Amino acid sequence: MSRAEDGSRLWLRFGQHRVASSRFSGIEADKTLFAVQELQKAWKQLYGNELDSKNRGKELLVIGTLHSRVIQSLKLDNEVAPLGNEGYVIKTVTSGNIRRTVIASTGKAGLLYGVYHLLRLIQTDELSDQLDIKEKPSYSIRILNHWDNLDGSIERGYAGHSIWKWEELPKTISPRYVEYARANASVGINATVLNNVNASPNILAKEYLEKVKILAGIFRPFNIKVYLSINFSSPAALGGLPTSDPLDPSVRQWWKNKVDEIYRLIPDFGGFLVKANSEGLPGPQDFGRTHADGANMLADALKPHGGIVMWRSFVYSASDEDRAKQAYNEFMPFDGQFRDNVIVQIKNGPIDFQPREPFSPLFGGLKKTAVMPEFQITQEYLGQGNHMVYLAPMWKECLDSDTYCEGKGSTVERITDGSLFNRKISAIAGVANIGEDTNWCGQDFAQANWYAFGRLAWNHRLSSEQIATEWLRMTFSDESSFVEPAKKMMLESREAVVNYMMPLGLHHLFAWEHHYGPEPWCDIPNARADWMPKYYHKADTTGLGFDRSMTGSKAVEQYYSPLREEFNNIATCPEQYILWFHHVPWNYKMKDGKTLWNELCMYYDKGVKQVKSFETIWNSLQSYVDSERFKAIKAKLAIQEHDAVWWKDACLLYFQEFSKQPFPVDIEPPANKLDDLKKIKLHMLSHN
Ligand code: GCW
C-alpha cells in the first residue's frame with residue numbers, strides 16, 4: 001500500500017514509483033537546458049540521485065536540439081525536423097559499443113515534452129528496451145481557461161479559491177505557480193487564460209499587468225504562454241473614453257496602446273479571450289457593430305506582436321428562437337469576415353456543457369473561419385466537486401463526431417486541428433477545474449480530467465482508456481489488479497452520470513442558479529424562459545422532449561445531410577439524442593421494445609446502480625490506496641450515490657405526473673416523495 005497522500009503531487013509522484021536502479025548510467029546533455037534540469041529533479045526523486053554526466057556505463061541518456069554536437073553526430077535531422085519546435089523523437093540507438101537513448105527536438109519546448117514522456121514511461125513501467133517514439137501535438141494552442149475572478153473567487157469553481165494570489169503579487173510568489181506550470185507542461189498544456197471570461201476591466205490596469213508579468217515569467221521556461229480575458233468596454237470603463245465602439249478611432253488607438261503596453265511587459269503574450277454580447281456582457285452590438293467588427297479591432301492591435309483573439313460563440317438572448325439555434329444564427333453571417341489571427345471558440349454542444357449534447361453545428365458550419373472547441377473540465381453540470389466523472393469519453397464523443405461538412409469523415413477533430421481546411425492556427429480550450437485545495441481539483445478523480453484534457457490536446461487520437469490507464473498508474477498504483485477495475489469504473493462514469501441525470505437527450509433539468517441538483521419543476525415567476533428546465537424538457541401529458549425537427553424549431557436544419565435527415569426522423573434519430581430533437585409520446589416504442597416511459601425509468605435506475613457498483617469496486621481496492629485518498633474518494637462516492645438517487649427520484653416522480661404511468665416492476669421504486677424533494681434548497685446540503 002502506498003503511504004499517506006494528500007493528492008497535492010497530482011500524477012507527478014516520482015518518489016512513489018522509486019525504482020531500485022535505472023538502466024541509464026549517465027547523461028550527455030547541456031545541463032543549462034531547462035528540460036535537463038526538470039529531468040534531474042525528477043531523477044532525484046525516482047532514484048535518489050541525479051544522472052551523472054561523467055559516468056560512461058551501459059547506456060547513456062542524450063538530450064539536445066538539432067544544434068547540439070552529439071545530436072548532429074547521430075544524424076537524426078530528417079526524423080526530428082518535421083516534428084516542429086514542440087515535437088520530439090525518443091530513440092534508442094547503438095553505435096559501436098555505446099548504447100544511447102536520445103531525446104531530440106528542433107526546439108527546447110520539444111525537449112521538455114520529450115523528458116516528461118520518458119518520465120511517464122518510467123512511472124507507468126512501460127520503458128521498453130528499444131525506444132522509437134515520434135510525437136508532435138495535434139493542436140498548436142492547448143489552453144486552460146480559468147474562470148478566476150480578481151477577488152480570488154472562481155466562477156463554477158469547486159476546488160476552493162483561486163491559486164492566483166493577486167493581492168500578494170508581484171512581490172510574493174506562491175510555490176504553487178511553479179507546480180502548476182510543471183503539471184501543465186507534463187501533459188503538454190502550453191497556454192493559459194488567467195482570468196474569468198466574465199472579465200473585470202481592471203485586469204488590464206497597469207497594476208495587474210505587473211502581476212501578470214510575474215506569472216508569465218514563471219511559466220515561460222515551461223513553454224506556457226499567458227493570455228487574458230478582456231472586458232469589451234475597457235476603453236470606457238478603464239480608459240475613461242466616452243465610448244468603446246470598435247470602429248471609433250480613439251477606441252482603436254486605446255486598444256493598440258494597451259496591447260503595446262502588454263507586449264513591453266510580456267514579449268511573448270498570447271492574446272485575448274473574449275466573451276462579448278453574451279449573458280449581459282458588453283460587446284460590439286452595443287454600438288450597432290458586429291462580432292467581426294469587435295474581434296477584428298482586437299486582432300489588428302495584436303497582429304504586429306503575433307497575438308491572437310479567441311472570440312467566444314457562446315451567445316443567446318431571451319428571444320423566441322430556440323436557444324440551441326442562436327449561436328449558429330448569429331455567427332454564420334460573418335463566416336469569412338474574421339482576420340486570420342481570430343479563432344472562434346465554440347462550446348462542444350449548442351446549449352451549455354450539459355451531460356450529453358450533440359456537437360455544435362458551428363463546427364463544420366463555419367468553413368472560412370478558424371474554430372476551436374471549448375470543453376469544460378470543471379464539473380459545473382456534472383456533480384461539481386463531488387461526483388466521479390471521467391470526462392475523456394465525453395470530449396472524444398465531440399471530437400469524433402462527423403459533421404459531414406466536406407462529406408464523410410469531416411470530423412470535429414479534423415476541423416479543429418486545422419487539417420481539414422489547412423489552418424495556420426489550431427487550438428483547444430478547457431475550462432480549468434483548479435483551485436487552492438490541497439489536491440488542486442477538490443476531489444482526487446477530478447485530477448484525471450485535467451490530465452486527460454492535456455493529453456487529448458496533445459494527441460486527440462489517444463483513447464480514453466489509454467489516458468485513464470496512464471493516469472491511474474501514475475497517480476495510484478501500477479498493479480493491474482488495481483488499474484483494471486478502477487479503469488472500468490472511470491470509463492463507465494460519464495455514461496452513468498448521463499443515466500442518473502439526463503438520459504435520452506434530456507438537458508438542463510438543473511436547479512435554478514447552482515446547477516448541482518435536479519429541479520425539473522422549477523418555475524421562477526417572471527424569469528427568462530430559457531433559464532428554466534421546462535423550456536428544455538417540455539413534459540406534458542402527450543410526451544417528453546424538445547421538438548427540434550422540421551415540425552418544431554427546425555434546429556436539425558443547422559446540420560449537414562445526412563445528419564439533418566437522421567436527426568429529423570424520430571425513427572432514425574440516435575436514441576441518446578431522441579429527447580433533444582423530438583417531443584416523444586410516452587408510449588412511443590423504443591428500439592428495445594420498451595415504451596419511452598419504461599425506458600426512461602430503466603435509464604435512471606441504471607445510473608443509480610452504476611454508482612453503487614463504483615462504490616463496490618472502490619471498496620475492493622482499499623489495499624492498493626493510501627488511507628487518506630481511499631477515504632476521501634469513498635466519501636465522495638457516497639455523496640454521488642445519494643445524489644444519483646435524488647436525481648432519479650426527482651425526475652421520475654415529476655415526469656410521472658405527466659406520463660401517469662406506474663414504475664416498471666424491475667426498477668427500484670423511488671425512495672423519496674416528490675413534495676419533500678421540492679423542498680430541498682441547496683444551502684441545506686452540507687456537501688456542496
Ligand atoms: O455555463 C455557463 C455558466 C456561466 C458561464 C457561462 C459562459 C462564465 O453557468 O457561469 O460564465 O456559461 O460560459 O460564459
Side-chain angles (χ1 to χ4, degrees), residues 143-159 162 164 192-201 203 227-232 272-283 285 291 294-295 309-318 323-324 326-327 330-331 344-357 360 362 371-385 389 391 394-395 398 428-435 449 453 501-502 507-517 519 522 524 527-528 530-533 535-536 682 688:
I143 190 164
L144 287 182
N145 289 184
H146 288 267
W147 286 357
D148 295 22
N149 299 312
L150 301 185
D151 67 1
S153 61
I154 304 181
E155 181 151 351
R156 313 299 178 188
Y158 311 103
S162 173
W164 318 130
T192 182
V193 182
L194 299 176
N195 61 319
N196 192 354
V197 287
N198 291 327
S200 160
I203 188 69
Y227 293 66
L228 294 175
S229 295
I230 58 106
N231 183 298
F232 201 79
F272 294 144
L273 171 62
V274 192
K275 174 176 177 179
N277 292 123
S278 166
E279 300 188 325
L281 284 187
Q285 292 168 356
H291 286 294
V309 176
M310 291 167 290
W311 190 268
R312 293 176 92 228
S313 70
F314 178 69
V315 292
Y316 64 100
S317 55
R323 175 171 163 189
Q326 292 187 28
E330 210 170 306
F331 273 78
V344 172
Q345 179 166 315
I346 307 169
K347 289 188 181 181
N348 52 289
I351 301 273
D352 189 11
F353 298 138
Q354 298 298 293
R356 169 165 279 131
E357 298 190 34
S360 163
L362 277 170
V371 297
M372 62 189 281
E374 175 177 334
F375 295 141
Q376 199 181 37
I377 310 173
T378 190
Q379 292 170 232
E380 174 181 0
Y381 295 103
L382 292 137
Q384 302 183 355
V389 187
L391 296 174
M394 169 158 137
W395 301 330
C398 173
I428 185 166
V431 180
N433 62 351
I434 298 161
N449 294 328
F453 171 75
M501 282 188 183
M502 283 166 246
H507 49 292
H508 230 310
L509 306 185
F510 293 97
W512 181 257
E513 194 49 41
H514 57 69
H515 298 165
Y516 183 76
E519 244 176 47
C522 167
I524 309 267
R528 266 174 73 159
D530 60 348
W531 283 351
M532 278 180 296
Y535 174 92
Y536 301 96
L682 197 70
N688 196 58

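Both ligands and their constituent atoms are indexed starting at 1 by order of listing. A quick note: this is a predicted structure, and the numbers were derived from the prediction, not measured.
- Residues meeting the ring-ring contact (aromatic ring centres under 6.0 Å, His included) test with F353, sequence neighbours left out: none.
- Side-chain contact between Q345 and F314 is absent, with no heavy atoms from C-beta onward closer than 4.5 Å.
- Evaluation of the side chain to side chain contact (heavy atoms under 4.5 Å, CB included) rule for M501 yields P355, H387, V497, F510, W647 as partners, not counting sequence neighbours.
- Separation of the Y381 and H508 ring centroids falls under the 6.0 Å cut-off.
- A donor-acceptor pair is defined here as one N or O able to donate and one able to accept, closer than 3.5 Å; no such pair exists between the side chain of Y536 and the backbone of W531.
- For E357, there are no salt bridge (charged side-chain N to carboxylate O under 4.0 Å, His left out) partners two or more places apart in sequence or in a different chain.
- For a heavy-atom separation below 4.0 Å, the residues in contact with ligand 1 are W147, E155, R156, N196, V197, N198, K275, E279, R312, F314, K347, D352, E380, Y381, H515.
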